[in-house]
Amino acid sequence: MPKAIREVYGSVLAELGASNPDIVVLDADLSGSTKSGIFGKAYPERFFNMGISESNMVATAAGLSTTGKIPFANTFTAFLTTLGLLSIRSLICYGNLNVKLGGAYCGMSDAFDGSTHHATEDIAVMRSLPNMKVLVPADETSTRWATMFAAEHKGPVYLRLSRDVYPDLYPNDAKFECGKGATIREGTDVTVIACGLLVHKAIEAAEILAKKGISVRVVDMYSIKPIDKDLILKCAAETGAIVTAEEHNIYGGLGGAVSEVLAWGGAGVPTEFVGIRDTFTESGPYAQLLAKYGVDANGVISGIEKALSRKK
Amino acid sequence: MPLSKAKVTQLSEFCRTFRIDVLKAIHNIQSGHPGGSLSACEILTLLYQERMNIDAKNPGDPNRDRLVLSKGHAAPMLYRNLIEKGFMPKESMSTLRHINSELQGHPSMHTPGVEIPAGPLGQGLAAAQGMALGLRLNGSPARVYVIMGDGEQDEGAIWEAATSAPKFKLNNLTAIIDYNGVQLDGTTEEIMPLRDLSAKWHSFGWNVIECNGHDLRQLNDALDACAKIEDGPSVIIAKTVKGKGVSFMEGKAAWHGKPPSDDELAMAIAELGGEK
């Protein structure tokens, strides 16, 4: 039975706490939601609840890292990457400090709370910061890897984490690498390069289109910065059309990152962008929001159809 | 321990020459912040040249004392102190704010001896709080000092950290406010009145000590008193004069971020007793 991504993350933090005494965890009064509280319960002396003060939490994490600690700072990413941004930029990234940022409730996964609590620009913001690594896991196994990687890597890491349950994608022994993507499903007509929830929506879309004789390749781009240039250019060359898919604004996120590679590599293939179309979102049941804002299987299908219609 | 007469004489001479060297560096690149560098002179010099346990030969010592210059625009006075401690050669000072220099306009990790970047105001107190939490977890006897400006007290982030540090009972954390009464656009009274700053900090749960921030003995006694306090963090509200030591700069907002001209530098050096 798949677990919610936040549950997996909280459990892995607690496991890391057992094996590494330098792991410390901070939260801004949302530890019950982000699940950093699982660590807090196990290691209260290494858990700091900063109250509702995101900027204070991030700067405190920066200070902790200079004493050899490995801080994981957590809150809803709609607040982490906004209120926390000054210290993320000018302390953590500028100083290349060993701080990990757990961005909870990404995309519209905090559905009913509405647009103020939805994070649809965090990838764009985080990937524009020098020294920052940006990882977006899409199932339990990749969340486990991303969290472990963050603890081992020396330097800033941003983890984009969902509130939601994602189906399993990978076997337990799957190998991941920062800077790589994974081909989840082979295909020859078009490649959907997706991250997080949209990997699952892309698989759904591929299955539907397979029945119509369209062969869709699906790539899980779990590492957005650094990004797997070779894989992107290989997919462009082999399938001749690219669709990016993410629970994020179509500007500046995964779509932006992939486009940069396609332009740099002179790929010259039709490219379509599935994502939130530069608008604020709203409250509602998660599935209905995903449908309304075009980030479900139908949205991916329509992106694929547009890309194919432009393919020579 | 109170400062001996000989020690006061030695530190006063450091302060005199550091003021001259800072003004020369700012004059050289025609950019920088003389006012706040001069007001923080005694605070930084006493900490670096007398009190802090730091060694340029062992810069990664886990038990070294830490200093966060939250009012990062006073960086030139920090750099001059680090040079005196042997972190860089004296010639580095003339590269301040030049291209390819290890001495950036505001503190950065390019500079040996700097613990954390600073510049955008309001972040240093929380960063210092993180250091104090980490050092306590490590069982280290080290102390953490953070120097803030009085204008910086306008920043909301200061008050977030002011709220949390007493919760964590960080008696290894000492904050010092360089209370020179002047910010960039005018006096603090004109721009954003601070009201009873001592009462504010006290009500947030801090041990508050007020002193003259240019009197080395008073500052040293205040720091001694902070070191003895066991139940939480301390803040020293150090009354200072912006541009201290140069008559035409003293108390003037215009000298927050203005470099001296050739003539002004010559006058300033003369007032400071000249170069020896």
Side-chain angles (χ1 to χ4, degrees), chain A residues 17 20-29 43-73 75 79 82-101 129-131 154-156, chain B residues 59-68 70 72 104-111 114-140 142-146 155-170 172-173:
Chain A
N20 188 342
D22 285 330
I23 303 279
V24 297
V25 174
L26 303 91
D27 206 300
D29 194 34
Y43 305 101
E45 72 291 350
R46 284 188 270 150
F47 177 76
F48 305 108
N49 198 324
M50 306 306 296
I52 309 162
S53 67
E54 295 76 11
S55 133
N56 189 32
M57 173 181 71
V58 172
T60 301
L64 272 159
S65 75
T66 69
T67 66
K69 298 299 170 201
I70 306 171
F72 280 73
T75 184
F79 315 142
T82 50
L83 282 165
L85 183 58
L86 180 58
S87 291
I88 293 174
R89 177 185 182 271
S90 58
L91 299 183
I92 294 169
C93 289
Y94 186 38
N96 200 16
L97 301 180
N98 197 23
V99 177
K100 321 303 164 183
L101 302 164
L129 299 169
N131 293 327
K154 234 177 150 48
Chain B
D61 177 3
N63 289 331
R64 70 190 182 279
D65 290 332
R66 321 290 169 114
L67 186 139
V68 179
S70 191
Q104 293 294 299
H106 291 81
S108 78
M109 303 306 259
H110 298 96
T111 308
V114 167
E115 299 285 353
I116 198 159
L121 296 171
Q123 300 173 287
L125 185 61
Q129 164 178 258
M131 291 177 185
L133 285 168
L135 290 168
R136 187 168 67 187
L137 279 176
N138 291 342
S140 170
R143 295 195 67 81
V144 184
Y145 300 96
V146 50
E155 289 282 4
I158 292 290
W159 300 100
E160 292 186 2
T163 305
S164 55
K167 164 185 158 172
F168 297 120
K169 300 188 169 26
L170 292 174
N172 55 349
L173 174 64

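Note that the structure is a prediction, hence the values are computed from the model and not measured. Proteins come first, then strands; the chains are lettered A, B, ... in the order of their sequence lines, and each starts at number 1.
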Contact class of B:Ala128 relative to chain A, heavy atoms under 4.5 angstrom = neither
Could you give the distance from CD1 (B:Ile116) to OG (A:Ser65), rounded to the nearest 0.5 Å?
-> 6.0 Å
Under a 4.5 Å heavy-atom cut-off, does chain B meet the side chain of A:Ile92, its backbone, both or neither?
-> neither
Can you tell which part of B:Pro120 gets under 4.5 Å to a heavy atom of chain A, answering side chain, backbone, both or neither?
-> side chain
Under 4.5 Å to a heavy atom of chain A? For B:Gln104 that would be side chain
Portion of B:Met109 that has a non-hydrogen atom of chain A nearer than 4.5 angstrom = side chain
Among the listed options B:Ala132, B:Ser108, B:Ala157, the residue most often paired with chain A at heavy-atom distances under 4.5 Å = B:Ser108
Tell me, for A:Asn49 versus chain B, whether the close heavy atoms (under 4.5 Å) come from the side chain, the backbone, both or neither.
-> both
In terms of heavy-atom proximity below 4.5 Å to chain A, should B:Leu133 be classed as side chain, backbone, both, or neither?
-> both
Nearest 0.5 Å, what's the CG-CG distance between A:Leu86 and B:Leu121?
-> 9.5 Å
Closest non-hydrogen atoms of B:Pro117 and A:Tyr94, given as atom of the first, atom of the second and distance, are CB-CD2, 3.6 Å
Where does A:Ala61 contact chain B at under 4.5 Å (heavy atoms): side chain, backbone, both or neither?
-> neither
Pick whichever of B:Gly119, B:Ser164, B:Pro62 has the most heavy-atom pairs under 4.5 Å with chain A.
-> B:Ser164
So which heavy atom on A:Thr66 is nearest to which on B:Arg66, and how close?
-> O-NH1, 3.3 Å
Between CD1 of B:Ile158 and CG of A:Asn56, what distance do you get to the nearest 0.5 Å?
-> 10.0 Å
Option in B:Ala142, B:Gly134, B:Ala126, B:Gly122 with maximal non-hydrogen atom pairs under 4.5 Å from chain A | B:Ala126
If you tally heavy-atom pairs under 4.5 Å against chain A, which of B:Leu125, B:Val144, B:Leu137, B:Val114 wins?
-> B:Leu137
Please flag which part of B:Arg136 lies under 4.5 Å from any non-hydrogen atom of chain A: side chain, backbone, both or neither.
-> neither
Roughly how far, to the nearest 0.5 Å, is CD of A:Glu54 from CD of B:Glu160?
-> 7.0 Å
Give a yes or no on whether A:Arg89 atom CZ has more than 12 heavy-atom contacts from other residues, nucleotides or ligands under 6.0 Å away.
-> no
Report, as yes or no, whether the 6.0 Å neighbourhood of atom NZ on B:Lys169 holds more than 12 heavy atoms from other residues, nucleotides or ligands.
-> no
Is it the side chain or the backbone of B:Gln123 that comes within 4.5 Å of chain A heavy atoms, both, or neither?
-> both
